[in-house]
2 protein chains.
Amino acid sequence: MLINNTAVSRRMNFNPITIRDIAKALGISVSTVSKALRDSYEISDKTKKLVNDYAEQNNYRPNPIAQSLKKGHSKSIGIVVSTIENQFFSQVINGIESVAYQAGFNVIITQTHESYEMELKNVEQLTHHALDGLLISLSTETKDVSHLKHLHQQGLPIVFFDRITNEIETHKVIADNFKGGYDATRQLLNAGYKKIAHITSPPNISITSERFAGYEHALKEVGMDIPSAYIKHCAHGGRDMSEIENALNELLSLKDKPDAIFTTSDRITTTTLYLLTKMGIKIPDDIALVGYTNTTLADVLNPPLTSVYQPAFEMGRKAAEMLLSLILSKHPVTEFETITLPTQLFVRRSTLPKKAL
Amino acid sequence: MLINNTAVSRRMNFNPITIRDIAKALGISVSTVSKALRDSYEISDKTKKLVNDYAEQNNYRPNPIAQSLKKGHSKSIGIVVSTIENQFFSQVINGIESVAYQAGFNVIITQTHESYEMELKNVEQLTHHALDGLLISLSTETKDVSHLKHLHQQGLPIVFFDRITNEIETHKVIADNFKGGYDATRQLLNAGYKKIAHITSPPNISITSERFAGYEHALKEVGMDIPSAYIKHCAHGGRDMSEIENALNELLSLKDKPDAIFTTSDRITTTTLYLLTKMGIKIPDDIALVGYTNTTLADVLNPPLTSVYQPAFEMGRKAAEMLLSLILSKHPVTEFETITLPTQLFVRRSTLPKKAL
DNA sequence: TAGCCCAAATTAATCGTTTGCGTTATTATG
DNA sequence: CATAATAACGCAAACGATTAATTTGGGCTA
């Protein structure tokens, strides 16, 4: 009876039972209910049972908003990535999730689609909602990180992963991009390719320059210099197919055409493969291809694709662990570290040695 | 001076300025500040300017938690999908995002990884945090939807997409699964294949039975009956490779081996392709393959994969629009609709007509 | 029986905002 | 000049949960 009454007295909206309802129904005070539910020593077992039973029967759930307001934290962390369609990022997110949920945190995912403006909006959005911490991989367009600096100064824990900045001192997790670039290039060199082009993201983001450094080092090691006409930057990291189409067309119209291409990022890699195929260019016969990608499909592509694989899940785990340590730390943290995770080169048919062709 | 003082007086934690701080600094009341910020007619322009200037200079942000508590809503919606690694779902999410953000809502994404237990946990998690509405595609394991029924009865707006239930009356968005299954099967039949196996998810989820019905109809239409040994259900929708491996092994050890396979779900499709390739089975020569997938890579797979493409982005948009209409509705909604979106069959080399082989 | 202790419960303040209503001045009206 | 109207602002009660401080009512001891 009573139950029904309290039930109908609420709005039609999603409006669950509160501790006040319980208190009223049981004829005791609100604080007694609260303490009983939290199993306080101040409350008798009899009352506790009474309260708990009633709460259970009426499917009571503490209002998380009220708890957050009171406790001063929201138990949720924000994630900013370029796009979850990229398998690399969805795997990172899986890693983040696995540790966040363990710790009772939930995650809010946002995507920049490689746009600086979207990054601003998302960070704004996220901090407009209550956030205990932020995990971010910068957008391709991002050159200015003052939006993040402000938040960081205000005390919001931030951990960077993948695409980082050195303008903000905090924990960071990256893959060994230098080695990834080196391994990929070295593999092409070993297979006999001598004219190695590089299609990549803009140089302002960290991964681009690091991978380029690896590429450069491998070439220099064998005494080759870097032909600037072979280096192509896609303004939006290959978001638009036309970026890559243009890059390829330019490369292919060179007098001295490349005999191999090293691509970075999932999107650039798979789109390059798609376009070359569409153009009727044989891989690796006409042009060899090695690319960064985390797709599980590399083995069944045509041809199977030599690729640099990044430990995305692990990166997510590590980043989340570091963020949680920042959030949960009693004292302000002043010592930060940057973790570098190894990458793995999977050699497949797209970089078949030249002599074997 | 004052600014600095208020700044240092706060905790080291992320603890931004409040309206109380503004009131104190300006020597006016909290309510005046609040009203000034909300541009109330009760406040003079002079005071408004004073408050707004101070707020801007000190980078004031209203605490969203407090606002949510007061206003009774959180401006965020929850999403439950099986896994964002599946391109179909990440595209759906992009669609959802595009309308949610437009309306000032943010989204919280959770993954079930096809587990009923995880679905329970996620729904619990989500509603533990403050939610204005829920978008959900059921997990493969889910047979009981009482956890959702409760929430729905309590008044939480819910919209189902993709994998729906008819036990709960609300808005739903699905693809035309019957036609998808029919088209795929029909394509195989037209290409001359006669022994068509079907690897799919468990029959309890809606998409499975709907697609099966299409498959069945196509076969019956040409007077063929459905050989039960050709129907394989993967308990977790292909989450574990072994599920698919077993299914394939059973199919291939049949006296009367199938000459074609119709797979549903991204995961099952790509894994089947991978396994057949690894087994050295030629597609389509030995076995033809048509599958559900939303990967952009279908064209560059080996062989290019005939596939049923679902309008994932559009599905996300529609679902989000319906949810928002539910959330924003002044009156309780009693009329619900189920939208069915068309699918598209892309014919590629993996179902090359038999005579052409 | 006074004095004290302890268990068990209540009161009230708090988190940051919002908002109905009351309180001042100041201006307009008869 | 007295009164009504209005503009501009403050007070205090919410929203739901937590918790320090306080009260209440026994029970026990000296």
Side-chain angles (χ1 to χ4, degrees), chain A residues 6 9-11 13-52 55 58-75 127-132 154, chain B residues 6 9-11 13-52 55 58-75 127-132 154:
Chain A
T6 52
S9 74
R10 17 193 96 271
R11 291 191 262 135
N13 267 344
F14 188 48
N15 217 1
I17 180 175
T18 73
I19 57 170
R20 198 182 313 278
D21 297 325
I22 301 184
K24 211 168 291 173
L26 263 32
I28 56 180
S29 83
V30 192
S31 61
T32 304
V33 175
S34 174
K35 286 176 180 168
L37 289 169
R38 324 202 82 245
D39 200 24
S40 160
Y41 67 95
E42 296 177 81
I43 305 297
S44 71
D45 288 347
K46 202 179 61 185
T47 308
K48 278 183 191 167
K49 183 159 168 37
L50 193 70
V51 171
N52 280 307
N58 292 68
N59 202 25
Y60 166 77
R61 296 300 186 77
N63 180 327
I65 299 188
Q67 283 181 320
S68 293
L69 179 60
K70 184 68 191 170
K71 294 187 185 158
H73 60 243
S74 61
K75 281 272 184 181
T127 53
H128 252 53
H129 284 77
L131 262 207
D132 291 344
Q154 282 186 63
Chain B
T6 51
S9 74
R10 19 193 92 270
R11 289 192 264 137
N13 267 341
F14 187 48
N15 216 1
I17 180 175
T18 72
I19 57 171
R20 198 183 311 277
D21 297 326
I22 301 183
K24 213 168 291 173
L26 262 33
I28 57 181
S29 82
V30 193
S31 61
T32 304
V33 175
S34 174
K35 286 172 182 169
L37 289 169
R38 325 201 80 244
D39 200 23
S40 161
Y41 67 94
E42 293 180 82
I43 306 298
S44 71
D45 288 347
K46 204 178 59 184
T47 308
K48 277 182 191 168
K49 183 161 165 40
L50 193 70
V51 170
N52 281 307
N58 293 68
N59 200 27
Y60 166 78
R61 298 299 188 75
N63 180 326
I65 298 188
Q67 281 181 321
S68 293
L69 179 60
K70 188 66 194 174
K71 294 188 184 156
H73 61 245
S74 61
K75 282 269 182 183
T127 52
H128 252 54
H129 285 77
L131 263 206
D132 291 346
Q154 282 184 64

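Protein chains get the first letters and strands the later ones, always in sequence-line order, with residue 1 at the start of each. All values reported here derive from a predicted model rather than from experimental measurement.
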Could you state the interatomic distance from [atom1] ([X]) to [atom2] ([Y]), rounded to the nearest 0.5 Å?
X: B:I65; Y: A:Q67; atom1: CD1; atom2: CD; result: 11.0 Å
X: B:I28; Y: B:K35; atom1: CD1; atom2: NZ; result: 11.5 Å
X: B:L37; Y: B:I22; atom1: CG; atom2: CD1; result: 5.5 Å
X: A:K70; Y: A:N63; atom1: NZ; atom2: CG; result: 14.0 Å

Give me the distances for all protein-to-nucleotides 22-24 of chain C N/O pairs that come in under 3.5 Å?
none

Without decimals, in angstroms, what is the distance between [X] [atom1] and [N] [atom2]?
X: A:K70; N: D:dT19; atom1: NZ; atom2: C1'; result: 7 Å
X: A:L69; N: C:dA13; atom1: CG; atom2: P; result: 17 Å
X: A:H73; N: D:dT18; atom1: NE2; atom2: P; result: 11 Å
X: B:R20; N: D:dA12; atom1: CZ; atom2: P; result: 14 Å
X: B:I65; N: D:dT18; atom1: CD1; atom2: P; result: 14 Å
X: A:Q67; N: D:dC15; atom1: CD; atom2: C1'; result: 14 Å
X: A:N63; N: D:dT18; atom1: CG; atom2: P; result: 10 Å
X: B:K71; N: D:dC15; atom1: NZ; atom2: P; result: 16 Å

**Prompt:** Between C:dG16, D:dT18, D:dA8, which nucleotide has the shortest distance from any of its atoms to the side chain of B:T18?
**Reply:**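 The answer is C:dG16.
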**Request:** Just compare D:dT18, D:dA17, C:dG16 and give me whichever is closest to any side-chain atom of A:Y60.
**Result:**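 Closest nucleotide to the A:Y60 side chain: D:dA17.
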**Request:** Sequence neighbours left out, what passes side-chain contact (heavy atoms from CB on, under 4.5 Å) with A:S31? Give chain and number order.
**Result:** A:S29
**Prompt:** Which residues satisfy the side-chain contact (heavy atoms from CB on, under 4.5 Å) test with B:L50, sequence neighbours excluded?
**Reply:** B:L26
Taking [X] for the side chain and [Y] for the main chain, is one N or O donor matched with an acceptor at less than 3.5 Å?
X: B:S68; Y: B:P64; value: yes
X: B:D132; Y: B:H73; value: no
X: B:N58; Y: B:Y60; value: no

Output side-chain donor-acceptor pairs under 3.5 Å for residues 41-49 of chain B, partner residues at least two apart or in another chain, one line each.
residue: B:S44; atom: OG; partner: B:T47; partner atom: N; Å: 3.2
residue: B:S44; atom: OG; partner: B:T47; partner atom: OG1; Å: 2.9
residue: B:K48; atom: NZ; partner: B:D39; partner atom: OD1; Å: 3.0
residue: B:K48; atom: NZ; partner: B:S40; partner atom: O; Å: 3.0
residue: B:K49; atom: NZ; partner: B:D53; partner atom: OD2; Å: 2.8

**Request:** Using only heavy-atom distances, decide whether a donor-acceptor pair under 3.5 angstrom links the side-chain of B:S31 to the base of D:dC11.
**Result:** yes
**Message:** side chain to side chain contact (heavy atoms under 4.5 Å, CB included) for B:V30 and B:T18? Distances and angles first, verdict last.
**Reply:** CA-CA 10 Å; B:V30 193; B:T18 72; over 6 Å; no
**Asked** With nearest nucleotides of DNA chain D determined for A:A66 and B:I43 from heavy-atom distances, which residue corresponds to the more 5′ nucleotide?
**Response** B:I43
**Asked** Going through the distances and angles, do A:I17 and A:R61 end up as a side chain to side chain contact (heavy atoms under 4.5 Å, CB included)?
**Response** CA-CA 7 Å; A:I17 180 175; A:R61 296 300 186 77; over 6 Å; no
**Prompt:** For DNA chain C, which residues in residues 33-41 of chain A have a heavy atom at a distance below 4.0 Å?
**Reply:**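 Result for residues 33-41 of chain A: A:K35, sorted by number.
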**Prompt:** Any side-chain N or O of B:T47 less than 4.0 Å from the OP1 or OP2 oxygen of D:dC9?
**Reply:**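 Answer yes for this pair, as a side-chain N or O of B:T47 is under 4.0 Å from OP1 or OP2.
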**Message:** Within the 4.0 Å heavy-atom criterion, would you say A:I19 contacts the bases, only the backbone, or no part of the nucleic acid?
**Reply:**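 Base contact.
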**Request:** For B:S44, answer base if it contacts any base atom (sugar-phosphate contacts may also be present), sugar-phosphate if it contacts only those atoms, and nothing otherwise; contact means non-hydrogen atoms under 4.0 Å.
**Result:**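 Sugar-phosphate contact only.
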**Request:** Describe, as an angle rounded to 10 degrees, how the axis at the first end of the helix from C:dT1-D:dA30 to C:dG30-D:dC1 is tilted relative to the axis at the last end, five pairs per end.
**Result:**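 It works out to 70° between the end axes.
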